Number of protein chains: 8
Amino acid sequence: MSLRVYLSGEIHTDWRERIVAGAEGLDIAFSGPVTDHAASDDCGVAILGAEPDRFWHDRKGAQVNAIRTRDAIAKADVVVVRFGEKYRQWNAAFDAGYASALGKPVIVLSMPDHQHALKEVHAAALAVAEEPEQVVQILRYVLTGTLPG
Amino acid sequence: MSLRVYLSGEIHTDWRERIVAGAEGLDIAFSGPVTDHAASDDCGVAILGAEPDRFWHDRKGAQVNAIRTRDAIAKADVVVVRFGEKYRQWNAAFDAGYASALGKPVIVLSMPDHQHALKEVHAAALAVAEEPEQVVQILRYVLTGTLPG
Amino acid sequence: MSLRVYLSGEIHTDWRERIVAGAEGLDIAFSGPVTDHAASDDCGVAILGAEPDRFWHDRKGAQVNAIRTRDAIAKADVVVVRFGEKYRQWNAAFDAGYASALGKPVIVLSMPDHQHALKEVHAAALAVAEEPEQVVQILRYVLTGTLPG
Amino acid sequence: MSLRVYLSGEIHTDWRERIVAGAEGLDIAFSGPVTDHAASDDCGVAILGAEPDRFWHDRKGAQVNAIRTRDAIAKADVVVVRFGEKYRQWNAAFDAGYASALGKPVIVLSMPDHQHALKEVHAAALAVAEEPEQVVQILRYVLTGTLPG
Amino acid sequence: MSLRVYLSGEIHTDWRERIVAGAEGLDIAFSGPVTDHAASDDCGVAILGAEPDRFWHDRKGAQVNAIRTRDAIAKADVVVVRFGEKYRQWNAAFDAGYASALGKPVIVLSMPDHQHALKEVHAAALAVAEEPEQVVQILRYVLTGTLPG
Amino acid sequence: MSLRVYLSGEIHTDWRERIVAGAEGLDIAFSGPVTDHAASDDCGVAILGAEPDRFWHDRKGAQVNAIRTRDAIAKADVVVVRFGEKYRQWNAAFDAGYASALGKPVIVLSMPDHQHALKEVHAAALAVAEEPEQVVQILRYVLTGTLPG
Amino acid sequence: MSLRVYLSGEIHTDWRERIVAGAEGLDIAFSGPVTDHAASDDCGVAILGAEPDRFWHDRKGAQVNAIRTRDAIAKADVVVVRFGEKYRQWNAAFDAGYASALGKPVIVLSMPDHQHALKEVHAAALAVAEEPEQVVQILRYVLTGTLPG
Amino acid sequence: MSLRVYLSGEIHTDWRERIVAGAEGLDIAFSGPVTDHAASDDCGVAILGAEPDRFWHDRKGAQVNAIRTRDAIAKADVVVVRFGEKYRQWNAAFDAGYASALGKPVIVLSMPDHQHALKEVHAAALAVAEEPEQVVQILRYVLTGTLPG
């Protein structure tokens with residue numbers, strides 16, 4: 001058994017690295033968005049030409065990023081969506097809805113403080129974790145049937 | 001030609017009323033979530049029994065609400081998603097992603113201040129409006145071919 | 001807003017009647033399997049000819065019933081699955097899995113004693129109720145936003 | 001030709017081992033649920049935190065298990081569902097319905113005593129066997145065209 | 001409950017009339033191919049211009065007929081396929097396969113003499129009848145739960 | 001039997017009017033794009049604000065038009081695509097491909113001069129006509145089985 | 001580029017061998033039904049127990065064969081359907097309809113004498129050939145762009 | 001991460017070679033139509049027999065080519081559609097519509113002069129480029145997150 005896992009959401013902490021490191025030895029192929037913030041913001045105009053209007057600057061970039069993210073979510077067996085401490089993170093919630101409508105199992109990684117605000121997103125998830133290590137434990141259990149401890 | 005339009009998102013201002021009133025005379029059946037905030041929060045426990053833990057209180061409610069919202073989005077021809085001034089509004093972004101994965105045309109109603117934070121959501125929309133009246137104009141044009149003015 | 005609701009499962013108590021009566025006045029079209037036990041068991045051989053072997057007697061009947069139930073589940077917006085006190089009720093669990101794979105919102109109506117045995121079925125449901133009246137309250141809330149009391 | 005075969009249902013006898021052993025040499029990748037009963041029951045709370053209420057204890061676990069089982073059923077070419085002598089086995093019937101709605105060929109492995117109670121499940125199956133060795137013979141025939149004896 | 005029933009196959013006997021007459025009073029909308037043999041053969045060239053080569057004469061006609069039949073099968077809830085005494089009737093078997101892949105419940109109306117030759121088609125059907133009146137009885141049972149006699 | 005027919009393509013001649021007039025008395029609901037050329041070009045900026053760059057001016061408009069056309073094509077039973085004498089008409093070919101991938105029966109209305117250039121589009125069509133009256137004859141035949149003359 | 005090609009239909013001549021031999025060197029994985037006539041007829045009863053009634057003898061076998069054929073057709077990129085000189089060959093026409101509804105490209109291999117009787121099947125095919133060698137030429141062209149001679 | 005990229009459209013310049021060369025070292029499997037113009041035009045009649053009527057000559061060829069192109073588009077993760085300087089290129093627009101309806105990310109490679117005529121096609125694309133090198137930069141960014149320069 002092997003899994004393709006898409007890691008969506010927050011790009012400012014090391015949660016992806018902690019999951020990937022923790023999952024060493026498991027047969028998992030991880031994917032995710034481009035996490036270089038500047039590259040992600042500017043990819044559209046850097047390749048396809050500058051835009052004076054920020055709206056189109058953003059749209060060009062978001063569309064180029066969508067080529068990557070839609071493909072990776074479509075190919076994923078499991079989608080993990082991380083909500084961090086800061087920022088609005090509407091793209092994370094968008095990905096959760098997108099994956100959910102495709103019937104992908106969703107694992108949410110969020111903080112207790114956000115529980116009420118995330119209740120619709122949580123209700124669409126098969127697991128709600130608070131720490132990346134819990135996500136690793138879920139993935140290990142799913143693949144091997146082994147529980148921690 | 002007739003349309004079923006789902007109005008997702010913010011429940012604290014009169015944007016739904018403005019759209020419904022503006023669209024009078026057009027062949028549109030509007031739907032949306034339950035907008036009574038207290039009822040929406042408590043529907044799960046009010047019907048299925050109290051929960052001491054807020055997490056399950058919320059989940060029970062969100063799941064009951066999902067019976068309504070998933071059905072209505074699945075039946076909609078067009079989904080309008082409103083992002084207001086306040087709150088985190090992750091459920092609105094979730095609905096946008098959900099509708100988008102189902103291939104529904106999405107119209108976003110948002111504020112210029114949120115442009116950058118909403119760029120992935122905007123990039124999945126066929127129109128981004130700032131005022132409910134623009135949404136009415138789009139719906140009128142879609143149904144009748146008539147432009148304002 | 002209107003709903004088509006399929007009532008699956010137990011045929012020995014009056015739960016269907018209680019739901020239909022309780023939902024009077026709501027815009028709901030109910031459907032369900034044939035609940036005349038003898039007719040349901042014998043429909044295959046009564047129409048298509050007797051079978052000496054019980055296995056094929058049963059199969060002929062189950063296939064004729066499937067013409068009705070598959071069509072009705074496919075057309076339903078919501079599927080309610082009732083597990084009663086007696087019998088093995090594998091057909092109810094089958095319907096729950098079938099509806100679930102089609103992405104239909106599932107409401108389970110079951111008894112506390114069966115909680116552990118039904119945990120996989122419950123986990124696929126958006127609501128788990130113990131009384132038919134709770135199902136009515138959910139349907140009323142979904143259609144009108146009104147809570148009991 | 002190769003096959004991915006999901007083995008659903010009873011976890012108290014050695015039917016899986018008998019099928020896997022019998023199928024040695026055939027190009028089949030078998031999958032199935034976690035069959036360690038205790039781990040399967042407790043995986044949710046062991047990873048995501050204890051629940052005082054058994055309902056949520058069960059739900060947490062069933063949802064984590066669903067990450068594995070939905071993925072494996074979705075990837076399977078053939079689903080074998082085993083109904084054993086004991087317990088209610090609603091999860092087995094649920095899986096049969098789920099696989100059936102996805103259009104997967106279903107093979108049921110059941111006992112003559114259960115024939116009538118399983119008639120709807122049998123009617124959705126392409127084969128109904130009584131012994132694991134018959135399942136092996138079917139798989140061998142499907143892959144190689146060779147019949148026993 | 002209402003049904004849309006597509007009547008596919010043989011056009012040389014009155015089986016369609018017998019089913020439609022027998023089903024009087026039931027909420028069924030029947031559809032079927034054009035049963036005027038000459039019109040069905042010549043519709044392509046009559047409208048779109050003569051073809052010297054019979055292959056293209058036939059193809060033009062078959063494609064125009066497909067506009068009708070694909071639409072009607074796609075909209076049908078149940079597909080009845082009739083195999084008569086004469087001719088090769090490959091279009092009937094084609095329709096059975098087409099309907100089957102779309103997940104439509106299929107009822108076959110055939111003669112005992114053809115049993116072995118039709119075994120793959122029969123195996124995809126939920127009922128195999130020999131007389132149009134049996135098809136009527138099935139449709140009545142599906143809609144009303146009433147058995148004959 | 002009734003049909004929803006989408007009329008795609010050229011907006012500079014009276015082919016739509018001729019089809020609608022010719023089909024009088026048939027149970028057909030016609031739909032199509034907005035055929036007011038100026039409105040169609042400017043709908044985006046007229047409602048959502050001017051764009052100095054023609055590329056975004058066009059995109060805004062094309063996206064608003066897509067709300068109408070995608071909905072109408074998705075709801076159509078048959079799609080007629082007209083290629084006229086002038087202009088590049090890439091949107092007509094795009095609609096033909098779009099409808100084709102959705103499995104909609106496509107009728108092409110084109111001129112003999114364009115035969116070779118349209119060969120891939122023609123090959124995806126169930127009928128290729130040269131005159132609107134032929135399209136009417138096809139629709140009449142599909143609905144009533146009646147041939148001209 | 002590689003292709004999975006399913007070879008459906010007649011099992012009494014060497015057409016499959018001629019195609020497989022002719023396609024040597026091309027990156028094609030061929031599949032097909034079990035072509036041992038006796039095994040194919042008896043597989044159901046040989047494994048699952050004898051049936052006194054020929055109808056159920058046939059059904060048991062046809063259902064076991066369907067495990068193989070449905071899987072193989074679902075995985076195929078191209079489906080070739082052969083109609084030979086003898087027998088009714090309804091299973092071939094069934095497969096053509098089944099593959100067609102799944103959107104698979106279909107190549108028919110048939111005889112000029114059957115042209116009129118096969119017109120609906122031909123109309124659903126992307127190519128109609130008379131000799132196995134033409135099928136090989138099509139497959140070679142599809143994979144390599146090379147034409148014969 | 002790897003990608004399958006289909007290169008649709010113009011066959012008279014070296015744009016495909018420039019993309020393939022530029023993408024050296026990236027994990028991309030490119031596919032496309034047969035680009036030998038004569039072979040592409042004549043493949044149908046060369047294999048399946050001459051046609052006196054150009055319409056059927058073209059159709060035979062276009063259908064054989066469709067075996068290749070439909071398969072390759074269906075398997076592609078990204079579809080690039082090139083509109084060149086000359087010819088009507090309706091097949092390119094058809095492919096863009098076809099890919100779009102399948103939900104494939106589309107990149108259009110076109111010239112500024114064609115902007116207005118291509119506005120509906122552009123509006124369905126996630127990126128609109130003018131040079132093959134920009135397409136390479138997009139593919140490199142999608143796979144590696146690296147921007148040019």
Side-chain angles (χ1 to χ4, degrees), chain A residues 8-9 33 37 40-44 53-70 73-74 79 81 83 86-104 106 108 110 112-125 128 130, chain B residues 8-9 33 37 40-44 53-70 73-74 79 81 83 86-104 106 108 110 112-125 128 130:
Chain A
S8 167
H37 199 149
S40 174
D41 269 10
D42 295 335
C43 62
D53 185 337
R54 192 71 203 181
F55 182 86
W56 299 115
H57 177 111
D58 281 346
R59 182 155 192 133
K60 265 189 173 173
Q63 289 189 169
V64 167
N65 282 314
I67 298 175
R68 175 182 175 114
T69 58
R70 285 190 203 171
I73 293 178
V79 175
V81 186
F83 290 86
K86 300 195 225 156
Y87 307 106
R88 295 187 171 273
Q89 310 186 74
W90 283 319
N91 59 330
F94 180 90
D95 281 358
Y98 193 89
S100 181
L102 295 181
K104 306 286 177 185
V106 171
V108 172
S110 59
D113 281 4
H114 289 163
Q115 158 54 21
H116 190 60
L118 277 172
K119 69 182 196 293
E120 289 86 1
V121 178
H122 283 177
V128 178
E130 295 179 17
Chain B
S8 166
H37 199 150
S40 174
D41 268 11
D42 295 335
C43 61
D53 185 337
R54 192 71 203 179
F55 182 85
W56 298 116
H57 177 112
D58 282 346
R59 181 155 191 132
K60 266 189 173 173
Q63 289 189 168
V64 167
N65 282 315
I67 298 174
R68 176 182 174 114
T69 57
R70 285 190 203 170
I73 293 179
V79 174
V81 185
F83 291 86
K86 299 194 226 156
Y87 306 105
R88 293 186 173 274
Q89 310 185 73
W90 282 320
N91 60 331
F94 180 89
D95 282 359
Y98 193 89
S100 181
L102 296 181
K104 307 284 177 186
V106 171
V108 172
S110 59
D113 281 5
H114 289 163
Q115 157 54 24
H116 190 60
L118 278 172
K119 68 183 197 292
E120 288 87 2
V121 178
H122 284 178
V128 178
E130 295 178 16

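These numbers were taken from a predicted model, which means no experiment stands behind them. Naming: A, B, ... by sequence-line order, numbering from 1 per chain.
Taking the side chain as every heavy atom from C-beta outward, Glu120(B) and Trp90(A) never approach each other to under 4.5 Å. Here the side chains of Arg59(A) and Lys119(B) are not in contact, with every heavy-atom distance at 4.5 Å or above. When side chains are defined from C-beta on, Leu118(A) does not count as touching Arg88(B), because their heavy atoms never get closer than 4.5 Å.
Each of Asn65(B), Asp95(B), Val128(B) has some count of heavy-atom pairs under 4.5 Å with chain A, and the biggest count is that of Val128(B). Contact count against chain B (heavy-atom pairs under 4.5 Å) is highest for Gln115(A) among Gln115(A), Arg70(A), Lys60(A), Arg54(A). Comparing Ala92(A), Ala117(A), Ala101(A), Ala96(A) by heavy-atom pairs within less than 4.5 Å of chain B, the highest count is held by Ala101(A). Ranked by non-hydrogen atom pairs under 4.5 Å with chain A, the options Asn91(B), Val121(B), Thr69(B) are led by Asn91(B).
Looking at Phe83(B), the atoms closer than 4.5 Å to chain A (heavy atoms on both sides) all sit in the side chain, from C-beta outward. There is no contact between Ala66(B) and chain A, counting heavy-atom distances below 4.5 Å.
Of all non-hydrogen atoms in Phe94(B) and Ala124(A), the two that sit nearest each other are CZ-CB, 3.5 Å.
A tilted orientation is assigned to the rings of His122(A) and Phe55(B), their planes being inclined by 30° to 60°.
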